[in-house]
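The figures here come from the full heavy-atom set of this structure, side chains too, leaving out hydrogens, waters and symmetry mates. Here is how names work: the chains are called A, B, and so on, in the same order as the sequence lines, proteins then strands, and each is numbered from 1.
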Amino acid sequence: MHASLPDVDPLVAGLADAIAPTLTPDTVIVGIHTGGVWVAERLHAMLHCTLPLGTLDISFYRDDFSRIGLHPQVKPSNLPFDLEGRDILLVDDVLHSGRTVRAAMNELFDYGRPASIRLAVLVDRGGHELPIRPDFTGLTLAVPAHQNINLSRLDDGHLTLSLA
Amino acid sequence: MKIHIKNGRVIDPMNARDEVTDVFVAAGKIVAIGRAPADFHANRTLDASGLVVCPGLVDLSVRLREPGFEYRATLESEMLAAAAGGVTSLACPPDTDPPLDEPGLVEMLKFRAKNLPGPRVYPIGALTQKLEGKMLTEMAELTEAGCRAFTQADAPPTDTQVLLSAMKYAATFDFSLWLRPQDVSLARDGVAHDGAVASRLGLPGIPALAETVALATILLLARETGARIHLARLSTRESIAMVRAAKAQGLAVTCDVASTHVHLSENDLISFDSHMHLVPPLRSLRDRDAIREALRDGSIDALCSDHTPVDEDEKQVPFGESAPGASGVELLLPLTLQWAREMGVPLMQAIDLISWKPAQILGVPGGNLTVGSFADICIFDETAEWVVTPKTLASQGDNTPFLNQPMQGRVRYTVIDGHIDFESPH
Amino acid sequence: MNLQLTSDGRLRHLLTLDGLPRAILTQILDTAESFMDVGEREVKKVPLLRGKSIFNLFFEPSTRTRTTFEIAAKRLSADVVNLNIATSSQTKGEAILDTVDNLSAMHADMFIVRHSQSGAAHFIARHVAPHISVVNAGDGRHAHPTQGLLDMFTIRRFKGEFHNLTVAIVGDVLHSRVARSQIHALTTLGVPEVRVIGPKTLLPTGVEQMGVKVFHTMEAGLAGCDVVIMLRLQNERMKGALLPSAQEYFKFFGLTPEKLALAKPDAIVMHPGPMNRGVEIDSEVADGPQSVILPQVTYGIAVRMAVMALLAGGATA
């Protein structure tokens, strides 16, 4: 059964509108690989951030390492700024259990002690297993447990959502 | 005890017999083959239908581990193991603790063995005192005590003068010297054959030269002194060629190989299994194939087990630290049969290598089923399939490279001196 | 080799590079690459192996290798225990298997083993419980897989690819577990020409069968090389009648600037360490622009982190 999903661009625009009033010049945007980085790149451009974009690979901080081992492709994390006392906007594509965000926060704290972290997600699909809630949400959509909602990037750079 | 062995395929190389017939045993001797003697009432009738009846096997090297190494095995256990392997006469090396360098020790061993069920035990005496390679032993006294030959076992002499002297002395009395050719300095520190496999595994190597250099010395000394020499446990193709040439020149020399070396090679070391740690080492495939061929063409005179039971703790260590040797008196028969099958060699010729030929080398009665001779008989099932496990082996030594391997050929009865000393439970 | 891999082809132990598929070697190198960044952060730790116990079982003493394993394990947040078991008391002391069993009972997850006997790591790996992994930190002359891997990592970092290289290993290959591991790695990774250079007394019998070309002079062997790996020459070799003197060895097989000039101008010089300056390598070369000997050391930590992470993670049997 395939529900029709909205286009991504309006969702990102909606997010940017919600975030903009809360942004300070010192806030940094950090995207979580891989989908979160795509969304973060869009937001970074739309919000005209002067500070560079940060990217996080959470492979080394996942809590399922003992069960499934190391992910075959670990991308480098890149945080080209000092985290100490910083306001961070953490961005991910889909919020589900919350474990990815927990891992990302653990990793951020290994780099330094931020002043605050707020979370922006493109889609909140429910099924939270941890007390983590987004501050900014593009779309709230209850997705059954046996299905996955995925963000993909096409060759022309266009982002789309799909259900599988 | 009167025994009627019925309907077996009687194979007796010495008398060139290969036919299905009956064998009759009484008072420790073979009293008839074919037709029962008058008034023969058997106490036991053994149905040998489908089985082979051959002379009891003569194994030229079986370590019984007494005296001194009882933690590895005992006289009782190893003699029973030998009987389970169809062996009715065996030669045991002198490398016990203390070594068999004195008549008293030899007599004690013979006495102990005589009172136990199992094969006739023929000790091979130490060539030098304490096997140290320096001073000769009282070879004549030892011979009177029962030694059939003299050897340095796996402690070859480093002093060539001593070896020359020993040969001259032995030649005086026409004693036989059993020598394993090994140059101590070339073999020093080595644990595996110096070839591509040892190089890959980083195991210190023993080059083929260690055997051939020593062999050349032995052959030259033998030619000079006229001593009777038996070369024990050859392992290289070059050695075989040298022995062939020496025999062709009329030198009184015989040789044997261990049954392990007929089937295994350096390639079997690839997993560092210390059960493959043997002396001499397992060599290249070309060496192994030369051995297989030389057994067929008679260049190698006999096959033996070189039975060397070792405590499992001594094998459960890294390869280079492990005690070398394999337990194998119960595998001599099936391994010989396997070689014969693979090489297309007739059964008679195969049995000859483990019965009549070694009996001649050892210079003892046995190895044949002549009417009137001692009843030392092996009855085996050529087709029986079994798996080598600590349970199926009677020896206390479970250290065999053939662990968990299937074997074909198993002894059903072993008759020694007219007594059924082994009877298989199945 | 099957001992090293699980039934679905994942790494279970790291004992030797001989027979490991190319994909696994590449996976280790790629994973090591991602761990390089960790070393550059302020907090040089990731929580990957938190709660795991790694035991350094060094039957042969070594400070350098043991320290790099310890650092690597700690950067993965593992607990590390060091055991130095003197080899002289080996026969009088506890049997290896008893030591291994006792430590396994203390909830060990991984053993890093160094031993003077070839095959020791295989031996231990055959006996440990299914959930324990064994890393060979050097066994006799046989293998030193993590060293081989970090050497490959170094080559890849400086040369990019393997498929067009000529690599020479110079020195005492006969006694070198490092050389053997390097040869297996180089041939598996597709290096078209692997050479060994040394006097006949220091080259193993049948070494060509490992896939190398044999040279007995530097002049012939170094021509056109992209990578020159120098092996350490130990003093025992003179005593063992394999060589007459360090001086004569240096004259013919030592790497001097003149000899290095025989290789390609952009050739890199490697050495697994520790160096014997003036015996196998001239200081001018060791400290010169073509030497990558110091970076090799830092790569060792990332590579060992990668190995431990790949072994510790994933479904247990």
(Q) Less than 4.5 Å to any heavy atom of chain C: does that hold for the side chain of S271(B), its backbone, both, or neither? (A) both
(Q) Quick check on P204(B) against chain C: is it the side chain, the backbone, both or neither that has a heavy atom closer than 4.5 Å? (A)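 For P204(B), the contact with chain C is made by backbone and side chain together.
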Q.
Using a 3.5 Å distance criterion without hydrogens, assess whether the side chain of S118(C) forms a donor-acceptor pair with backbone atoms of G202(B).
A.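 Yes, the answer is positive, given that a donor and an acceptor are paired below the 3.5 Å cut-off.
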Q.
Under 4.5 Å from any heavy atom of chain B, what part of R180(C) do you find: side chain, backbone, both or neither?
A. side chain
Q | Under 4.5 Å from a heavy atom of chain B, the part of H175(C) involved | A |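 Contact with chain B: none, neither part.
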Return the [atom1] to [atom2] distance between [X] and [Y], rounded to the nearest 0.5 Å.
{"X": "I270(B)", "Y": "D18(C)", "atom1": "CD1", "atom2": "CG", "value": "6.5 Å"}
{"X": "H122(C)", "Y": "D273(B)", "atom1": "NE2", "atom2": "CG", "value": "11.5 Å"}
{"X": "Q316(B)", "Y": "R126(C)", "atom1": "CD", "atom2": "CZ", "value": "8.5 Å"}
{"X": "E321(B)", "Y": "F123(C)", "atom1": "CD", "atom2": "CZ", "value": "8.5 Å"}
{"X": "S199(B)", "Y": "L174(C)", "atom1": "OG", "atom2": "CG", "value": "7.5 Å"}
{"X": "L97(C)", "Y": "D313(B)", "atom1": "CG", "atom2": "CG", "value": "8.5 Å"}

Q: Return the orientation label for the F272(B) and H142(C) ring planes: parallel under 30°, perpendicular over 60°, tilted otherwise.
A: perpendicular
**Q.** Minimal non-hydrogen separation, P318(B) against Q117(C), with atom names
**A.** CB-CB, 3.7 Å
Q.
Go through it in stages, so that I can follow the logic: the residues are M210(C) and R200(B), the test is side chain to side chain contact (heavy atoms under 4.5 Å, CB included), and I'd like the CA-CA distance, side-chain angles, deciding distance and then a yes or no.
A. CA-CA 7 Å; M210(C) 295 212 285; R200(B) 192 180 200 104; 4.0 Å; yes
Q: Report the option among D139(C), T205(C), I124(C) that has the most heavy-atom pairs separated by less than 4.5 Å from atoms of chain B.
A: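 Among D139(C), T205(C), I124(C), the one with the most close pairs to chain B is T205(C).
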